[in-house]
Visitor: 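Provided herewith is a single structure, encoded as structure tokens, for subsequent inquiry.
Sequence lines set the chain letters: A, B, ... in the order given, protein chains first and strands last, and positions in each chain run from 1.
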Number of protein chains: 2
Amino acid sequence: MTDKLTLDEIAQRAGVSRTTASRVLNNRPNVRPEVRERVQQVIEETGYSPNPVARSLAIQHTHILGLVLPRRSDTVFTDPYFPVLIQGIAQACNDHEYTLGLFLLQTPEEERKLLPRIAHKGLLDGLIIQVGEIGDQLIARLLEKNVPLVVAGRPAQEIPVSYIDVDNVAGAYQAVSHLIRLGHTRIGTITGALNTTAALDRRTGYEQALREHGLPLEDALVAPGNFNESSGYQAMQQLLPHRPTAIFVASDVMVFGALRALSEAGLRVPEDMALVGYDDLPPAANAAPPLTTVHQPVLRFGEQAVEILLDILENGSVPPRRVILDTELIIRDSCGASQA
Amino acid sequence: MTDKLTLDEIAQRAGVSRTTASRVLNNRPNVRPEVRERVQQVIEETGYSPNPVARSLAIQHTHILGLVLPRRSDTVFTDPYFPVLIQGIAQACNDHEYTLGLFLLQTPEEERKLLPRIAHKGLLDGLIIQVGEIGDQLIARLLEKNVPLVVAGRPAQEIPVSYIDVDNVAGAYQAVSHLIRLGHTRIGTITGALNTTAALDRRTGYEQALREHGLPLEDALVAPGNFNESSGYQAMQQLLPHRPTAIFVASDVMVFGALRALSEAGLRVPEDMALVGYDDLPPAANAAPPLTTVHQPVLRFGEQAVEILLDILENGSVPPRRVILDTELIIRDSCGASQA
DNA sequence: ATGAAAGCGCTAACAT
DNA sequence: ATGTTAGCGCTTTCAT
């Protein structure tokens, strides 16, 4: 009702041309103060607000950013990581007056169906896309469509795309070094899904720390997980017979699974087994025991992702931007540092 | 690059008018098969896809639905409920070829700033809005703007708006009745945030069950929480001195807090204290002990929300739709039923 | 079956 | 400072 108003009607009621009305609407110069005043009056009174679609068509951008979360999105909403990421991105969108479009690409068919909408510059000004599994061609396809793009996470292939990531290698390295410093020598790891660069990088950091401190790498101490709780549980059970005294776990959610396995085995943390996790999202601090874990700044990660994207929108995408955020080891109880 | 294509160019290349090109693009009749074929050729070859914004302006709707999550959104992304809700909604949007816009209204200023965009029929075809705190005027304001709307959760005021909710009273009633059946007579509750209809309704169900089974209501056995972990922890501590033998907790996340308090107090679950939660999201089954809890079909909740909205879009919003989904008590270990 | 022309609601040269 | 005019890229009457 209050919405069928058009700029033309506002102009008429104010006794000016549509152009002038547009000028005051957009706070542009070259309008006599009194006229401006009058038009503003009308706008107020009528509660007019311009049709965003019409404006978008005229100015050739929509002020809408897309966030696309590819495959494996069942994990997506089981891990507290993604909600926080979304929150950071949404927050930044608000701050910069952009609207956020959310695209969950659960199946290949969905991906096919959605691709045109996503790739068309008409609807979305740009895209933030969560990096998928290794081998996923989505980013490459989007890239050749020439859509402004920033990837959340390090892409597997070396392609000229902008991305933001956390220093996973360094984070894992910190975690494991800490364990070594505490005197552990048989340190295992529960990895994330290894078709993922994040998991690969964290394993690399684990290996690096061991190697640099002269500790042997032992295959039996590396158990594959996939970032969810059950996989942490199973991996822990698999590790137990090999008698590690400490484990670096590639995500906090998997730590919860590991804790469950340990408790069933009658083992205490950190007395019988030291644990360091990865993420430091809200549940970590309230765990029993509170988790020593590698903090990643997920909120800021999301915010910066949109800032990079906006920068690209303004200044073009060459050269590709690369941003690596630092992690920080948060020491709580699960590593046993307090009694060291 | 591949995107500057317009329908006009397609038409030219195919040697037809723009009108005809549009017809084949939209699978409309009145095109000679051979011509249709030819146009389709060109579309394929060029990889043309129509500009959604231009189309939206012409047909006067965008195929974009908005999901708005008001205030208290810090809770929003700490509780696994919302991610799942979002997933359900996103899924349904995909299925129905709609795009999902996400609006996080964290502060009153953001709400003010975003309102025009949200309320304008130009951008969004319709809205799903998570019910806010009691007293929140957002829904009322949107309603008078005449935006197609469905509320997720029961609004506090009696207003003629469509909504979908879960039967919170019945869910809580089931939970508490179960505890009574197990022989408990001193049953406490940890409520959700009481400025919320969901929390209020669950408390009502708790009271109803007690009353109908001839058990006294005792103020000291009702501890206020706010749906997050810490509040569950504190509420549990507050309850302990009053010696309940069982607690109905208004959300699983608060159960985790309660478990933490109990474990610190050296009490076992369910032997020393029986617990029933609410939600039954993924973490519930993997808890230690696995949680007896009231299952709500969150995914379906989200899906149906969009279906109601689409129905409204097609058939108008009178009368307002009201959908109440059933809950189901899932019996696991935390209530002690197995040894009863 | 096909096309010309008008229109969706706005912005932006360009002229005055 | 203001208005005229021409788009933005599509759909949709209305003729033919």
Visitor: What is the separation between atom CG on A:D8 and atom P on C:dG7, rounded to the nearest whole Å?
Guide: 12 Å
Visitor: Does the side chain of B:Q60 get closer than 4.0 angstrom to OP1 or OP2 of C:dG9 through an N or O atom?
Guide: yes
Visitor: When we call it a touch if two heavy atoms are under 4.0 Å apart, what does B:R28 touch: a base, just sugar-phosphate, or nothing?
Guide: sugar-phosphate
Visitor: So with a 6.0 Å cut-off around CD of A:E34, is the heavy-atom count from everything else above 12?
Guide: yes
Visitor: What's A:T19 touching, base or sugar-phosphate or nothing? Going by heavy atoms closer than 4.0 Å.
Guide: base
Visitor: What is the distance, to the nearest angstrom, from the CD atom on B:E9 to the P atom on D:dG9?
Guide: 9 Å
Visitor: Name the nucleic acid region contacted by B:N30, choosing base, sugar-phosphate or nothing; use a 4.0 angstrom heavy-atom cut-off, strictly under.
Guide: base
Visitor: Go nucleotide by nucleotide along DNA chain D from the 5' end; which of A:V31 and A:R18 gets its closest nucleotide reached first?
Guide: A:V31
Visitor: Does B:Y48 have a side-chain nitrogen or oxygen under 4.0 Å from the phosphate oxygens OP1 or OP2 of D:dC10?
Guide: yes
Visitor: Applying side-chain hydrogen bond (donor to acceptor under 3.5 Å, both in side chains) as the test, list every pair that has at least one member in residues 305-317 of chain A; sequence neighbours left out.
Guide: A:H96-A:E307, A:D311-A:N315, A:D311-A:R321
Visitor: Scan A:V53 against the nucleic acid and name what it touches under 4.0 Å (heavy atoms): base, sugar-phosphate only, or nothing.
Guide: nothing
Visitor: Run through B:Q137, B:R141, B:Q106 and flag the one making a side chain to side chain donor-acceptor pair (under 3.5 Å) with B:E111.
Guide: B:R141
Visitor: In terms of side-chain heavy atoms of B:V35, which of D:dG9, C:dT2, D:dT12 is nearest?
Guide: C:dT2
Visitor: Check every atom of C:dT11, D:dC10, C:dT2 against the side chain of B:R32 and return the nucleotide holding the closest atom.
Guide: C:dT2
Visitor: The side chain of A:L57 lies closest to which of these nucleotides: C:dT11, C:dG9, D:dT11?
Guide: C:dG9
Visitor: I need the CG-C1' distance between A:N26 and C:dC10, as an integer number of Å.
Guide: 9 Å
Visitor: Take atom CG of A:L7 and atom P of C:dC8, then tell me their distance rounded to the nearest Å.
Guide: 14 Å
Visitor: A:I59 CD1 to C:dG9 P: how many Å, rounded?
Guide: 17 Å
Visitor: Starting at atom CZ of A:R23, determine the distance to atom P of D:dG3, rounded to an integer number of angstrom.
Guide: 8 Å
Visitor: Would you call the rings of B:Y98 and B:H63 parallel, tilted or perpendicular, taking 30° and 60° as the class edges?
Guide: parallel
Visitor: Do any side-chain nitrogens or oxygens of B:S17 fall under 4.0 Å of OP1 or OP2 in C:dG3?
Guide: yes
Visitor: Is the distance from OP1 or OP2 of D:dG3 to the nearest side-chain N or O of A:T20 less than 4.0 Å?
Guide: yes
Visitor: In this structure, how many angstroms lie between the C1' atom of D:dG9 and the CG atom of A:L123, rounded?
Guide: 14 Å
Visitor: In this structure, how many angstroms lie between the C1' atom of D:dC8 and the CG atom of B:L5, rounded?
Guide: 16 Å
Visitor: Should the pair B:E97-A:K113 be classified as a salt bridge under the 4.0 Å nitrogen-to-oxygen rule?
Guide: yes
Visitor: Hey, are B:Q91 and B:D95 close enough side-chain-wise for a donor-acceptor pair under 3.5 Å?
Guide: yes
Visitor: If the cut-off is 4.0 Å, is B:R55 near the phosphate of D:dG9, judged by side-chain N/O to OP1 or OP2?
Guide: no
Visitor: Checking all strands, does A:V16 fall into the base, sugar-phosphate, or nothing category for heavy-atom contacts under 4.0 angstrom?
Guide: sugar-phosphate
